[in-house]
Amino acid sequence: MATPSTGPSSGPSSGPARVVVLVSGAGTNLQALLDAAADPAYGATVVAVGADREGVEGLARAERAGVPAFVCPLKDFGSRQEWDAALTGAVAAHEPDVVVLAGFMKLVGAAFLDRFAGRVVNTHPALCPSFPGTSGPADALVYGVKVTGATLFVVDAGVDTGPIVAQVAVPVEEGDDVASLHERIKTAERSMLVDAVGRMAREGFVVEGRQVRFGTGRSIV
Ligand code: GAR
């Protein structure tokens with residue numbers, strides 16, 4: 001079983017990489033990871049799912065898959081720091097090698113990033129550094145870009161600013177609205193996420209400045 005790293009390098013260990021996925025909504029990216037992880041050759045297993053709100057489909061997906069789930073709502077805490085500490089503890093209890101923010105619509109804080117330094121990745125529905133924030137597809141449409149997409153990046157203290165693990169391009173089509181564009185982005189995004197997380201687990205990865213490289217062969221410890 002993999003041991004959590006304290007640094008930015010993670011890689012293959014004796015068992016599948018332990019992945020905790022955080023969600024806020026539908027959880028289709030989570031489902032793609034759950035489906036991929038059903039194959040032992042994938043190299044990663046989803047050991048827990050966390051959400052910042054009750055009742056979301058992502059939590060139901062975890063339950064159907066028999067994966068432990070927890071909920072950590074910001075409104076239950078007196079401050080953002082207290083919430084961040086509680087979220088950090090809830091995730092740490094599952095000893096993740098990698099934490100995947102998959103439609104998690106909250107910014108994690110300093111305690112969280114300290115605890116899981118270099119091992120938190122977020123998937124975003126735009127080609128970073130374009131259109132950060134919570135409305136990437138809408139912002140791309142308003143701007144009038146012809147190509148947008150999705151980005152998986154290593155989370156840092158900024159908003160969608162971290163080193164890029166993987167990207168996929170998606171053309172904007174005439175007549176697209178936010179829903180149609182986001183759905184097409186999500187189809188491409190799920191494949192990108194599954195591919196990149198699998199590589200992180202099987203090949204290892206290292207973060208050097210803004211560069212993220214696979215295949216470091218480094219142990220997770
Ligand atoms: C995904 O497109 C993800 O990139 C986006 O929310 C969607 C979640 O879909 N996240 C953000 O916009 C974060 N800035 P899902 O719940 O079906 O996986």
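FYI, the numbering just counts along the sequence from 1. Ligands are counted one by one from 1 in listed order, and the atoms in each one are counted from 1 as well.
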How many angstroms lie between atom [atom1] of [X] and atom [atom2] of [Y], to the nearest 0.5 angstrom?
X	Y	atom1	atom2	answer
Arg184	Asp176	CZ	CG	4.0 Å
Asn122	Phe104	CG	CZ	10.0 Å
Glu57	Leu30	CD	CG	10.0 Å
Thr187	His182	OG1	NE2	10.0 Å

key: Proximal ligand 1 atoms for Asn29, defined as those under 4.0 Å from one of its heavy atoms   = 1 (C), 9 (O), 15 (P), 18 (O)
request  = With heavy atoms of Ala26 as the reference, note each atom of ligand 1 found under 4.0 Å away.
outcome  = 16 (O), 17 (O)
inquiry  = Closer than 3.5 angstrom, by distance alone: can the side chain of Arg202 be matched with the main-chain N or O of Tyr42 as a donor-acceptor pair?
reply    =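 Looks like yes, one N/O pair under 3.5 Å.
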Answer with yes or no whether [X] contacts ligand 1, where contact means a heavy atom under 4.0 Å from a ligand atom.
X	result
Thr123	yes
Gly136	no
Pro137	no

Quick one: look up the protein heavy atom nearest [atom] and list residue, atom name and how far away it is.
atom	answer
atom 9 (O) of ligand 1	Lys186 NZ, 3.2 Å
atom 6 (O) of ligand 1	Gly103 CA, 3.7 Å
atom 16 (O) of ligand 1	Gly27 N, 2.7 Å
atom 14 (N) of ligand 1	Gly133 O, 3.1 Å
atom 13 (C) of ligand 1	Met105 SD, 3.6 Å
atom 7 (C) of ligand 1	His182 NE2, 3.9 Å

query = So between Arg190, Glu57, Glu189, whose heavy atom ends up nearest atom 3 (C) of ligand 1?
reply =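 It is Glu189 that holds the nearest heavy atom.
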task = Would you tell me which option among Ser135, Ser24, Pro125, Ala32 has the nearest heavy-atom contact to atom 12 (O) of ligand 1?
result =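 It is Pro125 that holds the nearest heavy atom.
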request  = Step by step, work out the side chain to side chain contact (heavy atoms under 4.5 Å, CB included) result for Arg199 and Val165.
outcome  = CA-CA 10 Å; Arg199 289 192 66 188; Val165 180; over 6 Å; no
ask   = How about Glu189 and Thr28: do any of their side-chain heavy atoms sit closer than 4.5 Å?
value = no
Phe104 N/O under 3.5 Å from ligand 1 N/O =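 In this structure, Phe104 places no N or O atom under 3.5 Å from an N or O of ligand 1.
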request  = Would you check, one step at a time, whether the test side chain to side chain contact (heavy atoms under 4.5 Å, CB included) holds for Phe116 with Thr88?
outcome  = CA-CA 9 Å; Phe116 307 112; Thr88 303; 4.1 Å; yes
task = Would you please classify the geometry between the Phe70 ring and the His94 ring as parallel, tilted or perpendicular, with 30° and 60° separating the classes?
result =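 Rings of His94 and Phe70: parallel, under 30°.
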ask   = Of the options Val142, Leu141, Val147, Thr148, which is the one that meets Val145 in a side-chain contact (heavy atoms from CB on, under 4.5 Å)?
value =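 That would be Thr148.
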ask   = Where on His124 is there a heavy atom closer than 4.0 Å to ligand 1, on the side chain, on the backbone, on both, or on neither?
value = both
